Amino acid sequence: MSDSPGKAEGAFPEFLAEPADLVAEKLLGCFFERTIGQQRLLARIVETEAYDQDDAASHSHRGRTARNEVMFGPSGRLYVYFTYGMHYCSNVVTGEDGHGSGVLIRAAEPVEGISKMEKLRGLEGRNLANGPAKLCQALGIDLQLGGHDLRKDPLRLLEGGLLPGENTTRTTRIGISKARHLLRRHYITGNPYVSRR
DNA sequence: GTCCCGATCCCCT
DNA sequence: GGGGATCGGGACC
C-alpha cells in the first residue's frame, strides 16, 4: 500500500460515553493497537454497528446477564462474545455507566503487523479483518480480553479520523433478525476493507 | 435439564 | 449462493 491510512493520534477517544450511534460514527478512522509479545499490530476501523438496551437486536436488550455485563459498565472497555460455536466478536462499550450499549467493530484496515495478522488468520490477502470475527482472529482477541480497559496494553483504542475526501454513511445492520430497519451500521464509503454484503 | 438458534466464516459449487 | 462447523446463552418445561 502506498497510500497513507491516516495517523494514530495516540490519544484515547473522549467521546465514548456518548450514545452508541454517535460513537459508532466517530470510531470510523480510529485505531486498534494490539501488542502481542514484541509485535505491534495496528488496524484502522472502517465499519461499525451500534447496539443498546432499547434495541431488540442487542445482547443487552433483555437486561444484565453474566455474558453481557460488560455492556452495562463504564465506556471504554471491550465486550467480547463468542458465537456460532467458533467465533469471537468485539464491541467497544459506550454510553453512561449503567446503560447497556456498545459498538460492534465489524471491519478494519490492516496498517501495521500485517504478516502477523496473516499468521493469526491462516490466510493472506485482503480478507484479514473485513468481518467482526475475522478482525478478532487477526488481532488475537478472544474472551480473555473480555472487559479489558482499552486505555491500556495489550489492546488500546487510539483516536483517529477521516482522510481528506473520505465520507461515511449508514445502513441497516448485517446478520440480525430483530430491529432490522434501524440504520445503525456505519462505514467509510468506498473503503475496500469494509465487509461485503 | 433440554432445546434451539445465533451481531459468522470458509469452502465448495 | 448454500451448507457445515461447533457451543454458550436464554427461553421454556
Side-chain angles (χ1 to χ4, degrees), chain A residues 16 19-28 30 32 43 45-73 75 77-95 99-110 114 116-148 150 155 157 168-188 191-197:
Chain A
L16 300 181
D21 296 279
L22 281 174
V23 177
E25 182 171 1
K26 292 183 180 181
L27 280 177
L28 297 175
C30 292
F32 269 147
I45 296 168
V46 298
E47 180 181 354
T48 59
E49 286 182 358
Y51 290 89
D52 65 58
Q53 62 187 43
D54 300 320
D55 175 352
S58 174
H59 289 177
S60 59
H61 185 60
R62 295 187 180 274
R64 285 186 195 235
T65 66
R67 180 204 200 190
N68 65 27
E69 174 67 28
V70 177
M71 286 189 79
F72 290 86
S75 64
R77 301 223 244 243
L78 190 72
Y79 168 51
V80 181
Y81 67 88
F82 179 71
T83 192
Y84 289 98
M86 64 188 82
H87 295 299
Y88 301 101
C89 296
S90 287
N91 299 249
V92 174
V93 175
T94 67
H99 190 257
S101 62
V103 172
L104 173 68
I105 309 303
R106 279 199 57 87
E109 173 179 354
I114 293 175
K116 175 66 173 176
M117 295 186 204
E118 289 175 337
K119 283 185 185 175
L120 287 165
R121 291 276 292 123
L123 295 171
E124 297 181 357
R126 271 173 263 83
N127 299 331
L128 292 177
N130 60 342
K134 298 180 189 179
L135 183 148
C136 282
Q137 191 178 13
L139 296 182
I141 296 172
D142 61 19
L143 291 177
Q144 289 191 343
L145 283 172
H148 172 72
L150 293 168
L155 180 63
L157 179 64
T168 69
T169 189
R170 58 179 191 157
T171 67
T172 55
R173 292 169 293 183
I174 293 175
I176 56 169
S177 56
K178 298 167 188 165
R180 281 184 156 152
H181 61 289
L182 300 179
L183 302 178
R184 308 194 83 180
R185 171 178 176 241
H186 297 255
Y187 61 92
I188 299 177
N191 185 289
Y193 296 90
V194 170
S195 70
R196 292 284 169 187
R197 272 171 93 159

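None of these values were measured; they are calculated from a predicted model. Naming convention: chains lettered A, B, ... in sequence-line order (proteins, then strands); numbering from 1 in each chain.
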Novice: What is the distance from CG of D142(A) to C1' of dG8(C), rounded to the nearest Å?
Specialist: 15 Å
Novice: Provide, to the nearest angstrom, the distance between the CG atom belonging to L104(A) and the C1' atom belonging to dT8(B).
Specialist: 11 Å
Novice: How long is the line joining CG of L135(A) and P of dC9(B), in whole Å?
Specialist: 10 Å
Novice: How would you label the contact of A57(A) with the nucleic acid (heavy atoms, under 4.0 Å): base, sugar-phosphate, or nothing?
Specialist: base
Novice: Could you tell me the separation between the CD atom of E49(A) and the C1' atom of dT8(B), rounded to a whole number of Å?
Specialist: 12 Å
Novice: Taking NE2 from H61(A) and C1' from dG6(B), how many angstroms apart are they, rounded to a whole number?
Specialist: 16 Å
Novice: Checking side-chain polar atoms at under 3.5 Å, does R185(A) have a donor or acceptor matched by the opposite partner on T171(A)?
Specialist: yes
Novice: I need the residues from residues 19-28 of chain A with at least one non-hydrogen atom less than 4.0 Å from DNA chain B; give them sorted by number, or say none.
Specialist: none
Novice: Below the 4.0 Å mark, does dC10(B) have OP1 or OP2 next to a side-chain nitrogen or oxygen of K134(A)?
Specialist: yes
Novice: So which protein nitrogen or oxygen atoms get under 3.5 Å of nucleotides 4-7 of chain C's nitrogens or oxygens?
Specialist:
from   : atom 1 : to     : atom 2 : distance (Å)
dT6(C) : O3'    : G85(A) : O      : 3.2
dT6(C) : O2     : Y84(A) : O      : 2.6

Novice: What is the distance, to the nearest angstrom, from the OH atom on Y81(A) to the C1' atom on dA7(B)?
Specialist: 3 Å
Novice: In whole angstroms, how far is the P atom of dG9(C) from the CG atom of N68(A)?
Specialist: 10 Å
Novice: Could you provide the dot-bracket string of DNA chain C, using ( ) for intrastrand pairs, [ ] for crossing pairs and | for bases paired to another strand, with Watson-Crick or G-U pairs below 3.5 Å?
Specialist: |||||.||||||.
Novice: When the C1' atoms of dC5(B) and dG3(C) are considered, how many whole Å apart are they?
Specialist: 16 Å
Novice: Take the protein atom CZ of R64(A) and the nucleotide atom C1' of dG9(C), then report the distance between them rounded to whole Å.
Specialist: 18 Å
Novice: Should the pair F82(A) and Y88(A) be assigned to parallel (<30°), tilted (30 to 60°) or perpendicular (>60°) ring geometry?
Specialist: tilted
Novice: Quick one: pull up CG in L27(A) and OG1 in T94(A) and give me the separation to the nearest 0.5 Å.
Specialist: 8.5 Å
Novice: Do any side-chain nitrogens or oxygens of R62(A) fall under 4.0 Å of OP1 or OP2 in dG9(C)?
Specialist: no
Novice: At under 4.0 Å, does any side-chain N or O of R106(A) touch on OP1 or OP2 of dT8(B)?
Specialist: yes
Novice: For R121(A), which contact category applies under a 4.0 Å heavy-atom criterion: base, sugar-phosphate, or nothing?
Specialist: sugar-phosphate
